[in-house]
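Structure record follows, encoded as structure tokens.
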Number of protein chains: 2
Amino acid sequence: MATTLGFRPLYQQVYDLIVSQISDGEYRPGEMLPSEQQLANQLKVSQGTVRKALDTMTSEKILERRQGKGTFVATQTSERSTLRFFGFSDPDGTAIMPQNGEESIKRRKGTAKELLQLDTGGSQDVYEIARTRLIKNKPAIIDKIVVSAKSFQGLTKRSPINTALYTLYQEKYGIHVISTSDEISAIIASKSDAKKIGIEVGAPLLMIQRRTFDIHKKCVEYRTTKVNTQGIIYTARI
Amino acid sequence: MATTLGFRPLYQQVYDLIVSQISDGEYRPGEMLPSEQQLANQLKVSQGTVRKALDTMTSEKILERRQGKGTFVATQTSERSTLRFFGFSDPDGTAIMPQNGEESIKRRKGTAKELLQLDTGGSQDVYEIARTRLIKNKPAIIDKIVVSAKSFQGLTKRSPINTALYTLYQEKYGIHVISTSDEISAIIASKSDAKKIGIEVGAPLLMIQRRTFDIHKKCVEYRTTKVNTQGIIYTARI
DNA sequence: GAGTGGTCTAGACCACGCA
DNA sequence: GCGTGGTCTAGACCACTCT
């Protein structure tokens, strides 16, 4: 069955296998997986063991299960991808979907800090996406997004990026985002910040430094977001 | 076993029962629950069904299970209670534990907004705890904490509060905190803010408006925290 | 009616903690 | 060595979806 050393429970082995099949593209987003019974037969384990693996993946939002239909690889719809972890809302609580504004992408050497945060797999080059985003048609958010150039070949050619970024990562680069970690602070708008989103120098901005992790717990994106929180609220739920 | 209408799965009924026993004080924090087998016999369900309920409660941090020992009602240690949901850290990532500074508690009528957010059960009175907290012996955090007076009888007499608040809620008022929801924005320090934590008027502050929920998903606390993020970072993980 | 996931059971064996 | 939780199995029946 397994050597005692380095033993992993069967259901975790099943979990690992299916995760790697998803990240290898054997099962694509939206696609239906074989039924529990079929998987159990293929893998020579009981249905209960398969279920435990699938249930874990469901709670991690990697899969979606629908009674009477089947088990599906989760898709990142554009709404979900932005709001999935943390999102913006009106003071009255209704969710806000920022629209994309100006955007530029360039390739450059990563700074020491960026390479420390990102899991580049040895490569030194990164893409930097700079963009503004609009709330109610007014610029309110400044994003600087850094990703490994190695993992995102040809990203500059995709500009302007019209879909949500996490959707792009998934569909074009096979990167399945499952978690984020945010560091949040308050800063004063610099001259260039103020110009980009039409506020005075010295106005308060929320700064969010986010690391984004894929299905393998690898850090695939390092993002700095600055938000003018006049009339907007950043929400975190747990 | 159950009428088709209003049916709840057995494991959810078990879950509900144990949750209410914990909140009624039949099982106290730190106490050991009966074994799976004993519970199964008492409740006339299979061990697997009990396990599913206990596993859910474990993932919600209501219980802790230790192989070979037993299942225990979770306790809020003072470190965990502050850092459990979101916490403060140095720019280099090490966690910071703020110390309590000045504190005052008063009883008053709740504002419309507070009564809307809080689950007061009809009562109009609230306690407001105003306090500052120190980072590296310097005032850096301003808290305003509002709770229902009905649920927290005699709170003024407990001042100054030396333990972590969530620990107090649990030990003295039988309120078991299990989740929070934060709204975050950036503001400019007012004159009174500036005075309290020794910064200039107009400096940027992070403002966190938090609702805290107990084991019954009831909102038991509405808290406004203002943080001077010079040299401190507020961290959120998901 | 056939196929899917959802619930529930009964029983086996393993790994851990402790006396 | 005993009691605990952790893993795994095999099989039953239910509820939902689609044809």
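In what follows, every chain begins at residue 1, and chains take the letters A, B, ... in the order their sequences are listed.
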>> For dT7(C) and Lys52(B) - does any side-chain N or O of the residue sit under 4.0 Å from the phosphate oxygens OP1/OP2?
In response: yes

> Do the side chains of Leu54(B) and Glu36(B) get nearer than 4.5 Å, heavy atoms only?
Replying inline: yes

> Taking only residues two or more places apart in sequence, or in another chain, which ones meet Glu114(A) in a salt bridge (charged side-chain N to carboxylate O under 4.0 Å, His left out)?
Replying inline: Arg108(A)

> To the nearest Å, how far apart are Asn41(A) CG and dT9(D) C1'?
Replying inline: 13 Å

> Which whole-number value in Å describes the distance from Phe72(A) CZ to dG5(C) C1'?
Replying inline: 11 Å

Between the protein and nucleotides 1-5 of chain D, are there any N/O to N/O pairs under 3.5 Å, and if so, what are the atom names and distances?
{"unit_1": "dG3(D)", "atom_1": "N2", "unit_2": "Gly68(B)", "atom_2": "O", "d": "2.8"}
{"unit_1": "dT4(D)", "atom_1": "O2", "unit_2": "Gly68(B)", "atom_2": "N", "d": "3.1"}
{"unit_1": "dG5(D)", "atom_1": "OP1", "unit_2": "Thr71(B)", "atom_2": "OG1", "d": "3.0"}
{"unit_1": "dG5(D)", "atom_1": "OP2", "unit_2": "Glu36(B)", "atom_2": "N", "d": "3.1"}

> With respect to the phosphate group of dC8(D), does any side-chain polar atom (N or O) of Tyr11(A) fall under 4.0 Å of OP1 or OP2?
Replying inline: no

>> Can you measure Glu64(B) atom CD to dC16(C) atom C1' for me and round it to whole angstrom units?
In response: 17 Å

> Quick one: Arg8(B) CZ to dG6(C) P, roughly how many Å, whole number?
Replying inline: 17 Å

> According to a 3.5 Å limit on both distances, what stems of 3 or more consecutive Watson-Crick or G-U pairs are formed with DNA chain C?
Replying inline: C:1-18 with D:1-18

> Nearest-Å distance, CD (Gln13(B)) to P (dG6(C))?
Replying inline: 19 Å

> Can Tyr169(B) and Glu221(B) be counted as having a side-chain donor-acceptor contact under 3.5 angstrom?
Replying inline: yes

>> If I compare all heavy atoms of Ser148(B) with all of Ser123(B), which pair ends up nearest, and what's the gap?
In response: OG-OG, 4.5 Å

> Say you draw a straight line from NZ of Lys218(A) to CG of Asp119(A); how long is it, rounded to the nearest 0.5 Å?
Replying inline: 5.5 Å

>> Using whole Å, what does the distance between atom P of nucleotide dA15(C) and atom CG of Leu10(A) come to?
In response: 13 Å

> In Å and rounded to the nearest 0.5 Å, what is the OG1 to CZ distance from Thr58(B) to Arg65(B)?
Replying inline: 5.5 Å

> Going by distance alone, is a donor N or O of one side chain under 3.5 Å from an acceptor N or O of the other, for Glu60(B) and Tyr15(B)?
Replying inline: yes

> At what distance, to the nearest 0.5 angstrom, does CG of Asp182(A) lie from CD1 of Ile184(B)?
Replying inline: 8.0 Å

> Given atom OH of Tyr15(B) and atom P of dC8(C), what is their separation to the nearest angstrom?
Replying inline: 16 Å

> Do Ser20(B) and Ser23(B) meet the criterion of a side-chain donor-acceptor pair at a distance under 3.5 Å?
Replying inline: no

